Amino acid sequence: MRIDIVTLFPEMFAGPFDASIIARAREAGVLEIAVHNPRDYTHDRHHVVDDYAYGGGPGMVMKPEPLFECVDAVRAMASPPGKVVLLTPQGRLLDHDIVAGLAREERLVVLCGHYEGVDERVREGLADDEISIGDYVLSGGEPAAIVLVDAVARQQPGVLGSEASLEEESHAQGLLEYPQYTRPPEYRGMAVPEVLLSGHHAEIAKWRRRQSILRTAARRPDLLARAALTPEERRLLDEARGGP
Ligand code: ADE
């Protein structure tokens with residue numbers, strides 16, 4: 001997969017893309033990342049990329065021309081031209097299903113907005129999709145792009161240690177992850193649950209599944225509506241809720 005990032009601050013990506021999972025994906029050759037600056041696609045002496053908002057109001061707006069010209073050039077650099085994703089607090093809220101969908105694309109072009117926003121014609125005529133990473137406003141799309149690339153990178157085949165870890169992960173099954181422990185068996189008076197030390201794999205799997213369900217019910221009940229639960233697991237939930 002190839003991801004092209006269009007940003008006024010390419011230097012923000014140097015650290016995050018050179019460490020951990022993203023670096024591993026790049027080294028394994030399953031992810032190629034290129035970063036481009038729309039400022040390089042301006043034609044005036046001062047390389048202006050923003051301007052005052054028509055109609056007045058505070059803050060500057062990103063001009064359409066450098067973004068359109070940059071994205072046109074970037075899309076022509078490789079094939080396929082790639083879906084253009086604009087990062088903005090007005091976009092679809094990112095979740096596991098959106099990540100899994102984007103991870104299946106051969107190529108993405110990710111646009112990072114800045115200042116008070118981007119000229120509306122960028123949404124209209126350039127972006128195929130708009131994504132938000134949460135209901136809060138960042139000072140730019142860059143941290144959101146790092147989040148998106150990380151989430152997409154770990155979905156690429158061969159990036160994680162074992163394929164099983166992807167399937168077991170929090171959210172992959174619509175549930176939060178079960179509690180995890182490593183050595184020592186007791187620390188500061190807190191003991192690892194007995195069943196995990198038992199070596200009894202079926203019992204451990206049962207315990208983990210139950211913990212996932214109960215934890216999701218307690219912390220993120222909104223997720224449960226879409227989780228695939230057996231009738232027995234639904235009964236467990238009703239019991240935990242004190243009904244019916
Ligand atoms: N740019 C500014 N805030 C953002 C957010 N919450 N998600 C994506 N891009 C953004």
Side-chain angles (χ1 to χ4, degrees), residues 1-17 19-22 25 31 33-42 48-55 57-71 74-75 82-105 107-156 169-171 176 219-220 222-223:
M1 177 178 198
R2 171 171 170 149
I3 303 180
D4 291 272
I5 307 220
V6 173
T7 170
L8 292 173
F9 300 94
E11 64 276 16
M12 286 182 74
F13 296 91
F17 287 175
S20 188
I21 292 286
I22 298 181
L31 180 65
I33 301 178
V35 183
H36 316 271
N37 194 339
R39 207 177 282 284
D40 298 336
Y41 294 82
T42 52
V48 174
V49 290
D50 60 327
D51 206 340
Y52 297 102
Y54 273 123
M60 305 292 275
V61 176
M62 280 174 84
K63 289 165 66 60
E65 311 94 303
L67 285 173
F68 272 86
E69 286 189 35
C70 181
V71 169
V74 165
R75 295 186 88 208
K83 189 169 160 177
V84 179
V85 177
L86 174 65
L87 292 166
T88 158
Q90 303 176 30
R92 304 193 281 154
L93 207 48
L94 190 64
D95 65 10
H96 174 77
D97 290 344
I98 296 179
V99 168
L102 293 175
R104 285 193 289 271
E105 298 280 338
R107 188 173 180 209
L108 291 176
V109 177
V110 177
L111 294 192
C112 303
H114 240 273
Y115 308 114
E116 280 310 294
V118 299
D119 187 284
E120 187 65 17
R121 288 161 292 191
V122 170
R123 296 177 198 283
E124 252 173 55
L126 201 55
D128 298 309
D129 199 355
E130 296 181 39
I131 287 179
S132 164
I133 63 159
D135 290 334
Y136 42 81
V137 179
L138 301 164
S139 33
E142 286 76 11
I146 294 165
V147 167
L148 183 73
V149 170
D150 184 285
V152 162
R154 66 205 316 289
Q155 296 284 326
Q156 299 305 311
E169 260 181 352
S170 190
H171 292 292
L176 300 184
R219 299 183 183 193
R220 293 293 307 278
D222 57 298
L223 294 178

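Every number for a ligand or one of its atoms is a count from 1 in the order of the listing. Owing to the predicted nature of the structure, the values given are computational and were not obtained by experimental measurement.
Interatomic distance, CD of Glu142 versus CG of Leu8, reported as 7.0 Å (0.5 Å rounding).
For Gln156 (side chain) and Ala103 (main-chain N/O), a donor-acceptor pair under 3.5 Å exists by modelled atom type. Using modelled atom types, one side-chain atom of Thr7 and one backbone atom of Phe9 make a donor-acceptor pair closer than 3.5 Å.
Partner of Met62 under the side-chain contact (heavy atoms from CB on, under 4.5 Å) criterion, chosen from Asp119, Val118, Val122: Val118.
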Passes salt bridge (Lys or Arg N to Asp or Glu O under 4.0 Å), Arg75 versus Asp4? Steps please. CA-CA 9 Å; Arg75 295 186 88 208; Asp4 291 272; over 6 Å; no

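Of the N or O atoms in Ile133, one or more lie within a sub-3.5 Å distance of an N or O in ligand 1. In terms of N/O distances under 3.5 Å, ligand 1 is not approached by Ala144. Between Leu138 and ligand 1, an N or O atom pair is found at a separation short of 3.5 Å.
The Ile131 neighbourhood of ligand 1 comprises atoms 8 (C), with distances under 4.0 Å to a heavy atom of that residue. Interface of Gly140 with ligand 1, defined as ligand atoms under 4.0 Å from a residue heavy atom, comprises 1 (N).
Remark: Tyr136 OH is packed, more than 12 non-hydrogen atoms of other residues, nucleotides or ligands lying under 6.0 Å away.
Nearest protein neighbour of atom 6 (N) of ligand 1, counting heavy atoms only, is Tyr136 O, 2.8 Å.
Between Pro89 and ligand 1 there is a heavy-atom distance shorter than 4.0 Å.
Comparing Val137, Leu93, Asp135, Thr88 by heavy-atom distance to atom 9 (N) of ligand 1, the nearest is Thr88.
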